[in-house]
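Notes follow the structure.
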Number of protein chains: 2
Amino acid sequence: MKYANQKKLLVAVDCIIFGYDGEDLKLLIIKRPIEPIRDQWSLMGGFVEENEDLNGAAKRILLSLTGLHDVYLEQLHAYGDPKRDSVERTISIAYFALIDIKKYSKQLNNLYHAEWFKLKEVPKLIFDHNQMVTAALDKIRYQAALHPILFELLPKKFTIPQLQALYEQVYDSPIDNRNFIRKITSSGMLIKQNEKDKSNSRRGAFYFKLDKLKHRSQFQSFLNFIPK
Amino acid sequence: MKYANQKKLLVAVDCIIFGYDGEDLKLLIIKRPIEPIRDQWSLMGGFVEENEDLNGAAKRILLSLTGLHDVYLEQLHAYGDPKRDSVERTISIAYFALIDIKKYSKQLNNLYHAEWFKLKEVPKLIFDHNQMVTAALDKIRYQAALHPILFELLPKKFTIPQLQALYEQVYDSPIDNRNFIRKITSSGMLIKQNEKDKSNSRRGAFYFKLDKLKHRSQFQSFLNFIPK
DNA sequence: CCAAAAGTGTTTGTCCTACACCCATGA
DNA sequence: TCATGGGTGTAGGACAAACACTTTTGG
C-alpha cells in the first residue's frame with residue numbers, strides 16, 4: 001500500500017566542507033558541473049538516491065569529492081523554500097564536514113574544479129549556499145564550545161599551538177595561551193607524546209593526541225539553571 | 001530547464017508538540033487518521049505541498065491540529081532512512097513546537113483524536129516517532145540552557161514557582177529555589193507585576209512577564225575556551 | 001492560630017581572567 | 001649568542017552551590 005496522490009519532490013544533500021591545514025580554516029567548493037548555471041561556485045551536493053539514507057548520501061558525495069571515508073559529518077538543517085533552487089524545486093538537507101586538509105587525497109582541478117578558499121575569501125555561491133555556510137559556522141562554534149569536534153580538523157598528532165590557532169580561527173578572536181593551555185589540559189582530553197614538532201620553531205612543540213574516551217561531555221556544566 | 005532523470009521522494013513534516021499546563025510537561029499526539037496503520041498513536045504530520053516551504057508546512061499542520069497561530073516552532077532534524085516509513089519511502093523533516101496548553105483551542109477527541117500525554121507516559125508511536133520525541137527533548141534541554149525558550153510554554157504572566165516547576169520537569173531534576181530565583185532574576189529577563197496568583201497558596205505568588213528585549217544572548221559565557 | 005506555599009542571605013569553593021617572563025634550540 | 005616560538009604561575013574577582021528560616025494569609 002502506498003500514499004495516494006501525494007506530490008513528490010527532489011531531495012538533495014549539500015555538503016559544507018571545512019578544512020584546516022595548520023594555518024587557515026578553509027571551505028571546499030566546486031564549480032557546478034551541470035547545466036544550468038554551470039561553472040558557478042557551489043557547495044558539493046547531489047540528489048538523494050532511492051536506497052540510501054541522508055547520511056549515506058552525504059558520505060557518498062564527500063567520498064566522491066575528497067576521496068575520504070570516515071569524515072566527521074553532521075546534519076545541519078533542511079532548506080525547503082520553494083524558490084531556493086532556481087532550476088527546479090529541491091529540498092536540500094545540508095551537512096557539514098570537518099576534515100584535515102592534509103588527508104585530502106584528490107588532485108585539485110579535477111572533474112569538479114574543487115578549490116579550498118579561506119573562510120573570509122569565499123566567493124558568491126549559487127542559491128542559498130552562502131547562507132548554509134554561515135549557518136554551519138555558527139553551529140560549529142556552538143558545538144565546539146561543548147564538544148571536542150575541532151579535533152576532527154587536525155591530524156591525529158597535533159601541537160597545542162596548532163590547536164590554539166584553530167580555535168582562534170573558528171571564533172575569529174585571539175586567545176591567551178596560558179589560559180588556553182590550562183583549560184585544554186585540565187579537561188584531561190589530551191595525551192602528551194614524546195615527540196616534538198620542530199617544523200615551526202627551534203625549540204619544538206610537543207605533539208598531543210586526543211583521548212576520546214576520557215572526554216566526558218561537558219554539557220552539564222553549561223546548564224546554568226540546573227545544578228550538577 | 002529542469003533536472004533530468006532524478007528520482008523524486010515524498011517529503012513530510014512531523015511535529016513534536018510539547019505543552020505545559022502549569023503542572024506537567026506533555027506531548028500532543030494523535031491517532032493516525034489515514035490508512036494503513038490507521039488509529040495507531042503518531043505525531044501530527046503531513047506532506048509538504050508544492051508551494052510552501054518547510055516552516056510553512058509545519059505551521060499549517062500545527063494550526064490544523066491546535067487552532068494556534070504564532071507557535072514557537074523550530075526545525076529539529078531530517079530523517080531519511082529508506083525504511084523509516086513502512087508504507088512508502090518518505091523523508092521527514094521533524095519540527096518541535098512549544099505551546100501553553102491553556103491556549104490550545106480545539107476540542108479533544110476531534111477528527112484526530114488528539115490527546116496530551118505526560119512525557120513519561122507517552123505510548124509507542126509509529127515509525128521512528130518515539131526517537132524524534134527523544135531527540136526533541138534533548139534539543140530543548142540544550143537550547144533552554146542558553147536561550148529563554150521555555151517561556152514559550154507559559155502564559156504571558158506566570159509565577160516563579162510555575163517557571164521553576166517547568167525547569168524541573170524539563171531537566172527531570174529538583175532545583176534549589178533560592179538559587180533559582182537569584183539566577184533567573186539576575187538575568188534581568190523578568191518584569192515583576194503587581195498582581196498575585198492566589199490559586200496555589202494563601203499568600204499568593206507574584207506574576208512576572210518576560211522582557212524579551214532585555215534578554216541578551218548568554219551564549220558567549222558558555223564558550224569555555226573563548227574569553228569574553 | 002495554624003497549615004501551606006512564597007520568599008529571602010550568607011558562606012564557601014571553584015573557575016575564569018588578566019597579565020609577563022624564562023626556556024630550549026638551531027642557525 | 002641571539003632570534004624565535006614554546007611553555008609556565010599567580011592573584012583577584014565573579015559566579016555557582018549548599019544550606020534553613022521567616023512571611024503571608026485564608027480557613
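FYI, side chains are in, hydrogens and waters are out, and symmetry mates aren't considered; it's all heavy atoms of this structure. We name chains A, B, ... by the order of the sequence lines, and we start the count at 1 in each one.
In this structure, Asn200(A) atom CG and dA27(C) atom C1' are separated by 16 Å, rounded to whole Å. Straight-line distance from the CG atom of Asp197(A) to the P atom of dG26(C): 13 Å, rounded to whole Å. Between Lys192(A) atom NZ and dG6(D) atom P there is a gap of 14 Å when expressed in whole angstrom units. In this structure, the CZ atom of Phe180(B) is 13 Å from the P atom of dA17(D), given to the nearest Å. Here dC19(D) presents its P atom at 14 Å from CG of Asn177(B), a figure rounded to the nearest Å. Across the protein-nucleic acid pair, Arg178(A) atom CZ and dA11(D) atom P stand 14 Å apart, rounded to whole Å. Here the C1' atom of nucleotide dG5(D) and the CD atom of Gln162(A) are 13 Å apart, to the nearest Å. Atom OH in Tyr207(B) sits roughly 12 Å away from atom P in dG7(C) (whole-Å rounding).
Evaluation of atom-type donor-acceptor distances gives a pair under 3.5 Å for the side chain of Asn179(B) against the base of dA18(D). Side-chain atoms of Arg182(B) and base atoms of dG9(C) include a donor and an acceptor less than 3.5 Å apart.
A salt bridge links Lys26(B) with Asp21(B): at least one charged nitrogen is closer than 4.0 Å to a carboxylate oxygen.
In this structure, Lys31(B) satisfies the cation-pi test against Trp41(B), with its NZ or CZ atom closer than 6.0 Å to the six-membered ring centre and inside 45 degrees of the ring normal.
Annotation: of the two residues near DNA chain C, Arg203(B) and Lys198(A), the 5′-most nearest-nucleotide partner is Arg203(B).
For the residue pair Glu74(A) and Gln143(A), a side-chain donor N or O sits within less than 3.5 Å of a side-chain acceptor on the partner. Side-chain polar atoms of Asp14(B) and Ser92(B) form a donor-acceptor pair below 3.5 angstrom.
An OP1 or OP2 oxygen of dT17(C) is reached within less than 4.0 angstrom by a side-chain nitrogen or oxygen of Lys183(A).
With a 4.5 Å cut-off on side-chain heavy atoms, Lys118(B) and Leu25(B) do not count as touching.
At the heavy-atom level, Ile160(B) lies nowhere under 4.0 Å from the strands shown.
Of the candidate nucleotides dA6(C), dT8(D), dC19(C), dC19(C) has the atom lying nearest to any side-chain atom of Asp176(A).
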